[in-house]
Each structure stands twice: as C-alpha cells, then as structure tokens.
K.L.:
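Structure in structure tokens, see below.
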Amino acid sequence: MLPVPADRAPDSVNTLIKRAQALAGLSLGELALQANVQVPEHFRREKGFTGQLLERFLGAEAGAKAQQDFPDLGIELKSIPIDPSGQPLETTYVCYAPLLGVAGIDWASSNVCNKLRHVLWVPIEGDRSIPPAERRLGTPFLWSPNADQYAILKADWEELMERVALGHVDSITARLGQALHMRPKAADGSALTDAIGQEGQRIRTRPRGFYLRTTFTAQILADQFG
DNA sequence: CTCTGATCATTC
DNA sequence: GAATGATCAGAG
C-alpha cells in the first residue's frame with residue numbers, strides 16, 4: 001500500500017513523523033502517481049515541485065504565508081537535495097528578508113529564528129543525472145539547532161540585519177554569513193522592493209531571502225546520519 | 001508586489 | 001566544482 005495525500009493537517013508531531021517515514025524510499029514518480037500529478041522532466045521550471053508534493057502527503061497547508069508549514073506543531077518542513085554521499089547539493093531557502101521596518105525586530109522574534117526552531121528535514125536524491133521521477137526520498141528527521149548552531153545563526157542574522165537597518169543593504173553579498181546568508185529572491189532581475197538607503201531615504205532594491213549554506217546543512221545531516 | 005516552494009546557470 | 005546571483009510557478 002503506497003501512501004496517499006493527506007486530507008488534513010497532522011494532529012501531533014508523532015502523526016507528522018509517521019507520515020514522513022512512510023515516504024522514505026519512495027520515488028517522486030510513485031508519489032506523483034498517487035497524487036494524480038505528472039513529474040516534470042526537469043526542475044528548470046517547477047523548481048518547487050518536490051516541496052509542494054511533500055506538503056500534500058504530509059498535510060501542510062499550501063500557500064500559507066510567512067509561517068511555519070505546521071503552525072500548530074511549530075514545525076517547518078524542508079526538503080533537501082543530496083548527492084550519493086549524502087552531501088547537500090543546494091543551499092536551503094529559509095524565508096523572505098525584511099528590508100523595511102526592521103528597527104525594532106530582534107533575533108528571537110525574527111522569522112528566521114521562528115522557522116529554524118524545529119525543522120522536519122526530508123532528504124531526497126538530487127543528482128541531476130537522475131530523472132526527477134526516479135529520485136527517491138530518504139529518511140526524514142526532526143532537527144532543532146544546538147547551542148553552537150543557534151549562536152552562529154543568531155550572529156549571522158544580526159550582522160546581516162544590522163546592514164539592512166543602517167541602509168547598507170546594497171553592500172550585502174552572499175559571501176557574508178557563516179551559516180546563514182542573504183541572496184536575491186525574486187521572479188527575475190526586474191523585481192524591485194523598498195529598502196532603507198545610506199542616508200535613511202527610501203531606495204529600490206532587489207528583494208532578498210535568507211538561505212542556509214550547504215556547509216551548515218551538511219553538518220546537520222552528518223550529526224543525524226553520522 | 002509579496003511570499004511560498006526551490007533549482008538553474010553563469011561566474012569565480 | 002562550488003558558490004553566487006538569477007530565475008520559475010503559483011497563491012494571495
């Protein structure tokens with residue numbers, strides 16, 4: 001019996017974990033068949049296909065805005081593409097970066113901290129030589145940052161957000177941040193949003209998002225799977 | 001446009 | 001080869 005899409009949100013962490021475990025070892029093609037959808041030939045378009053398919057099987061409220069995937073459980077869902085040795089192939093998107101009205105916000109109340117407090121990681125084969133339909137899901141696991149990881153994330157966030165608050169958003173590059181960095185996050189290069197300029201004036205700049213570096217997520221996977 | 005789900009593809 | 005900056009689809 002293959003799993004079927006969930007018709008409601010999980011009522012407990014246990015339920016969520018069990019649903020996720022039931023998917024381990026299955027391919028996207030098998031899941032797509034159960035969900036009556038087609039797996040794209042490649043992810044050049046439909047980059048979010050895997051995550052959205054997972055949401056359906058786990059019962060996450062799709063399209064929910066700026067919140068955890070399972071708000072009642074306080075858990076965020078993240079798929080993570082890995083190579084044959086278990087190394088992450090991509091950085092992990094965390095959330096949109098606020099560029100305006102950032103004066104009062106602090107790390108503990110930030111969206112990044114909120115989302116990373118509890119994450120259900122679902123590894124998936126991500127090698128581009130494997131057709132998407134054949135890519136199999138790995139063993140899911142629940143993670144929370146340990147003291148060291150928490151301190152690094154906090155420091156990175158504070159460094160980046162200080163630049164935003166001081167009107168130096170355009171000095172931010174993806175090279176900043178040990179574990180967490182900031183990069184463009186938009187439909188294309190023409191997208192612009194408001195931010196604070198060097199003189200405190202309003203400027204237009206590319207929207208940004210927070211992402212976890214692969215070195216950081218590799219450590220999470222190593223801690224879990226040794 | 002904002003924000004979710006992310007991967008692509010050029011640059012380094 | 002890895003990493004940075006660019007890009008794709010859909011909901012609201």
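Just the heavy atoms: all of them, side chains too, but no hydrogens, waters or symmetry mates, feed the values below. Each chain gets a letter, A, B and so on, in the order the sequences are listed, and its residues count up from 1. Here the structure is a predicted model, which is why all the values come from computation and not from measurement.
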K.L.:
Please name the pair of heavy atoms, one in A:D156 and one in A:G177, separated by the smallest distance, quoted to 0.1 Å.
P.N.:
OD1-CA, 3.5 Å

K.L.:
Rounded to the nearest angstrom, tell me the gap between atom CD in A:E41 and atom C1' in B:dC8.
P.N.:
17 Å

K.L.:
What are the two closest non-hydrogen atoms of A:E159 and A:L176, and how far apart are they?
P.N.:
OE2-CD2, 3.5 Å

K.L.:
How about A:T91 and A:R183: does a side-chain donor come under 3.5 Å of a side-chain acceptor?
P.N.:
yes

K.L.:
Would you say a side-chain N or O of A:Y96 is under 4.0 Å from OP1 or OP2 of B:dT4?
P.N.:
no

K.L.:
Rounded to the Å, how far apart are A:R213 CZ and B:dT7 P?
P.N.:
18 Å

K.L.:
Closest-nucleotide mapping onto DNA chain C: is A:T91 or A:S190 further toward the 5' terminus? I mean the 5' end.
P.N.:
A:T91

K.L.:
Specify the separation, in whole Å, of atom CD of A:E90 and atom C1' of C:dG1.
P.N.:
13 Å

K.L.:
For the base of B:dA6, is there a side-chain donor-acceptor partner from A:Y211 under 3.5 Å away?
P.N.:
yes

K.L.:
Could you tell me the separation between the CD atom of A:Q87 and the P atom of C:dA2, rounded to a whole number of Å?
P.N.:
9 Å

K.L.:
Return the nearest nucleotide to the side chain of A:E55; candidates are C:dT4, B:dT2, B:dG5.
P.N.:
B:dG5

K.L.:
Residues two or more places apart in sequence or in another chain: which of them pass side-chain hydrogen bond (donor to acceptor under 3.5 Å, both in side chains) with A:D148?
P.N.:
none

K.L.:
Reading DNA chain B from 5' onward, which residue's closest nucleotide shows up sooner: A:R175 or A:L192?
P.N.:
A:L192

K.L.:
Just jot down the side-chain hydrogen bond (donor to acceptor under 3.5 Å, both in side chains) partners of A:S144, sequence neighbours excluded, or say none.
P.N.:
A:H118

K.L.:
Nearest whole Å is fine: how far is C:dT4 P from A:L180 CG?
P.N.:
12 Å

K.L.:
A:P3 and A:F57: which non-hydrogen atoms are nearest, and at how many Å?
P.N.:
O-CE2, 3.4 Å

K.L.:
Using links of under 4.5 Å between side-chain heavy atoms of ILVMFWY residues, direct or through other members, which residues join A:L33 in one cluster?
P.N.:
none

K.L.:
If I take atom CD in residue A:E61 and atom C1' in nucleotide B:dC3, what distance separates them, rounded to the nearest angstrom?
P.N.:
16 Å

K.L.:
Specify the angle, to 10°, made by the local axes at the two ends of the helix from B:dC1-C:dG12 to B:dC12-C:dG1 when five pairs are taken at each end.
P.N.:
30°

K.L.:
Could you check how far CZ of A:R183 sits from C1' of B:dC8, rounded to whole Å?
P.N.:
11 Å

K.L.:
Tabulate protein N/O versus nucleotide N/O from nucleotides 8-12 of chain C, keeping only pairs under 3.5 Å, one per line.
P.N.:
residue, atom, partner, partner atom, Å
C:dC8, O3', A:R45, NH1, 3.4
C:dA9, OP1, A:R45, NH1, 2.3

K.L.:
Could you check which residues of residues 127-140 of chain A get a heavy atom under 4.0 Å from DNA chain B? Sort them by number, please.
P.N.:
A:R128

K.L.:
Please, which pairs that meet side-chain hydrogen bond (donor to acceptor under 3.5 Å, both in side chains) have at least one residue in residues 70-80 of chain A, sequence neighbours excluded?
P.N.:
A:E76-A:K78

K.L.:
For A:F43, which contact category applies under a 4.0 Å heavy-atom criterion: base, sugar-phosphate, or nothing?
P.N.:
sugar-phosphate

K.L.:
Tell me which residues in residues 70-85 of chain A put a heavy atom below 4.0 Å from DNA chain B, sorted by number, or none.
P.N.:
A:E76, A:K78, A:S79, A:P81

K.L.:
Heavy atoms only, 4.0 Å cut-off, all strands: where does A:T92 land among base, sugar-phosphate and nothing?
P.N.:
nothing

K.L.:
What residue pairs, at least two apart or across chains, pass side-chain hydrogen bond (donor to acceptor under 3.5 Å, both in side chains) with a residue in residues 215-224 of chain A?
P.N.:
none

K.L.:
Test of understanding: with ring-ring contact (aromatic ring centres under 6.0 Å, His included), list the residues that count as partners of A:F43, not counting sequence neighbours.
P.N.:
none

K.L.:
How would you list, by chain and number, every residue that makes a side-chain hydrogen bond (donor to acceptor under 3.5 Å, both in side chains) with A:R136, sequence neighbours excluded?
P.N.:
A:E125

K.L.:
Hydrogens and angles aside, do A:N14 and A:S12 bring a side-chain donor and acceptor to less than 3.5 Å of each other?
P.N.:
no

K.L.:
Rounded to the nearest angstrom, tell me the gap between atom CE in A:M182 and atom C1' in C:dA3.
P.N.:
17 Å

K.L.:
Do you see a donor-acceptor pair shorter than 3.5 Å between the side chains of A:S171 and A:R163?
P.N.:
yes

K.L.:
Could you tell me whether A:T214 contacts a base, only the sugar-phosphate backbone, or nothing, with contacts defined as non-hydrogen atoms closer than 4.0 Å?
P.N.:
sugar-phosphate

K.L.:
Do any pairs count as a side-chain hydrogen bond (donor to acceptor under 3.5 Å, both in side chains) and have a residue in residues 39-48 of chain A, sequence neighbours left out, and if so which ones?
P.N.:
none

K.L.:
Pick base, sugar-phosphate or nothing for A:H42, based on heavy-atom distances below 4.0 Å to the nucleic acid.
P.N.:
nothing

K.L.:
Using the six-membered ring of A:Y93, assess whether NZ or CZ of A:K185 lies under 6.0 Å from its centre and within 45 degrees of the ring axis.
P.N.:
yes

